[in-house]
Protein chains: 2
Amino acid sequence: MKKTPEISSFRLSPLFRELDRDLLAQIAQHATWRELDAGDQLFAKGEVGKHFFLVKTGLIKLFLLSEDGQEHIMEIVGREQLFAEAVMFMGDRYPVYATALESSRLIAFDAPFFVTLLRANPDLCLGLLASLSRQMHALVTEIDGLTMQSGARRLARYLLAQPAHKTATGRVIALPIAKHAIASLLDIRPETLSRIFTRLADDGLIAVDADRITLLQPALLKQI
Amino acid sequence: MKKTPEISSFRLSPLFRELDRDLLAQIAQHATWRELDAGDQLFAKGEVGKHFFLVKTGLIKLFLLSEDGQEHIMEIVGREQLFAEAVMFMGDRYPVYATALESSRLIAFDAPFFVTLLRANPDLCLGLLASLSRQMHALVTEIDGLTMQSGARRLARYLLAQPAHKTATGRVIALPIAKHAIASLLDIRPETLSRIFTRLADDGLIAVDADRITLLQPALLKQI
DNA sequence: ATGGCTAATTGATGTGGATCAAGGCGCCGA
DNA sequence: TCGGCGCCTTGATCCACATCAATTAGCCAT
């Protein structure tokens, strides 16, 4: 069931793009496919981890739990995205929980082996450094957003960041995840998210039809 | 005025610890001392940066500004700590502002030169990867704390993390920075911080004498 | 000393979002 | 077809913290 992935399935990821065929082959030999159904757990926080992952299809949520069981989604990882690379250098323990939001196929890369590759390949190192730096910047921006912006504003940003297709009335987007998951990601309660949606709709900025959102006034949305 | 620092002044930092004498000498040649008075700006957000820094004495605050001028301190960097390493891989732009809280002496390392060293020294690469991973984990923890914990709890954590010396009545700590700076770091208003201090004091958990805080009940403080 | 800073405290009031509670609605399985 | 069960919504109330405002206390610089 676990066969080694084709090189072509991961060579286009930014981290691997510059590598030569031989190296890619070695990486592939130390990688395996991983399949998850919706709701399946990939790893738990604190668990010793020997892999990092590339999402080929599906969605993975990375989250933390407060001691009263409240879940806070840190990030939703989608197709062609790499995650948990940092586990290789952090005492091997995952800093978050990871479960599948929908059925998903991942490639699991062997972390210890990858470290030996890093030791011999400075370019690979630099690529990984760049990737981590980008993620750090994103985290700093997230802290900024969480502490200095209102819920409505965070939702506006989120909506504007979604892929959309244009129609006569405005940009239409389909929410990729359930509303309660969006609420967790934006760090607000589902009830509050619902109220913000209706307020933005009342103000004519958006139109809501279940998970189909039309941005009627994207310019005003940006200004919130 | 800018003379190159002695090797001994930075060789003990975790990032440099494993390096041989020759490499250290090269690094030193591309490094300079930087002196700042209290309030001096080291760099601004968005500025193109060609250096990363090691604090030898003093304190540097890293912060963001909201568009209405509100300042949010992300981190206070103290002696023997390295910061802004990530700027080497992030399009060269600093993601935060940095100013001195008190007069400070720093070593400024040349980032482009350091990248050439990384290319030739996998061990150095791995050290930097480890450092960035640790910082990322800290950021994740910070998000967790900011979004899932009350102000009182964040203050308790902060106090417990400070260096203290024990006395008969409890652990005594001297706040290293002004209370309003602590408030910004914990993302609460100075007024609210003041009220939390008096509440904790009323409850007998701590005693406050200006910037001298005695932890009377550290165990209870941990439980908040 | 004196005036003018800024930090810190304290009180009164306002508010965004959480919490508690009660339906409505789509979807799926028997 | 009918429950049943998440998900979403809507309303009422609550609370932590922000905001606004006034006062006091240290701390230079003149």
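Values below: all heavy atoms of this structure, side chains included; hydrogens, waters and symmetry mates excluded. Because the structure is a prediction, the values reported are computed rather than measured. Letters A, B, ... are given to chains in the order of the sequence lines, protein chains preceding strands, and every chain is numbered from 1.
Going from atom CG of Asp209(B) over to atom P of dA7(C) covers 20 Å, rounded to whole Å. Going from atom CD of Glu191(A) over to atom P of dG23(C) covers 16 Å, rounded to whole Å. In this structure, Arg189(A) places its CZ atom 15 Å from C1' of dC14(D), rounding to the nearest Å. Between Arg153(A) atom CZ and dG16(C) atom P there is a gap of 15 Å when expressed in whole angstrom units. As rounded to whole Å, 20 Å separates atom P of dA25(D) from atom NE2 of His180(B). Atom CE of Met148(A) and atom C1' of dG16(C) are 18 Å apart (whole Å). Separating the CD1 atom of Ile224(B) from the C1' atom of dA16(D) is a distance of 15 Å, rounded to the nearest angstrom. Between the C1' atom of dG6(D) and the CG atom of Asp211(A) lies a distance of 15 Å, rounded to the nearest Å.
To the nearest 0.5 Å, atom OH of residue Tyr158(B) and atom CD1 of residue Ile182(B) are 4.0 Å apart. Note that CZ of Phe10(A) is 5.0 Å distant from CZ of Phe109(A), once rounded to the nearest 0.5 Å.
Using modelled atom types, one side-chain atom of Arg17(B) and one backbone atom of Leu12(B) make a donor-acceptor pair closer than 3.5 Å.
Checked by distance alone, Arg195(A) brings a side-chain donor or acceptor within 3.5 Å of a matching partner on the base of dT19(C).
Side-chain contact between Lys56(A) and Trp33(A) is present, with heavy atoms from C-beta onward closer than 4.5 Å.
Residue Ser150(B) has no polar side-chain atom (N or O) positioned under 4.0 Å from OP1 or OP2 of dA16(D). Put simply, Ser194(B) has a side-chain N or O that comes within less than 4.0 Å of OP1 or OP2 on dT9(C).
Residue contacts for Leu193(B): at a heavy-atom cut-off of 4.0 Å it reaches no nucleic acid atom on any strand shown.
Side-chain proximity of Lys179(A) to the nucleotides dC17(D), dT9(D), dA18(C) is greatest for dT9(D).
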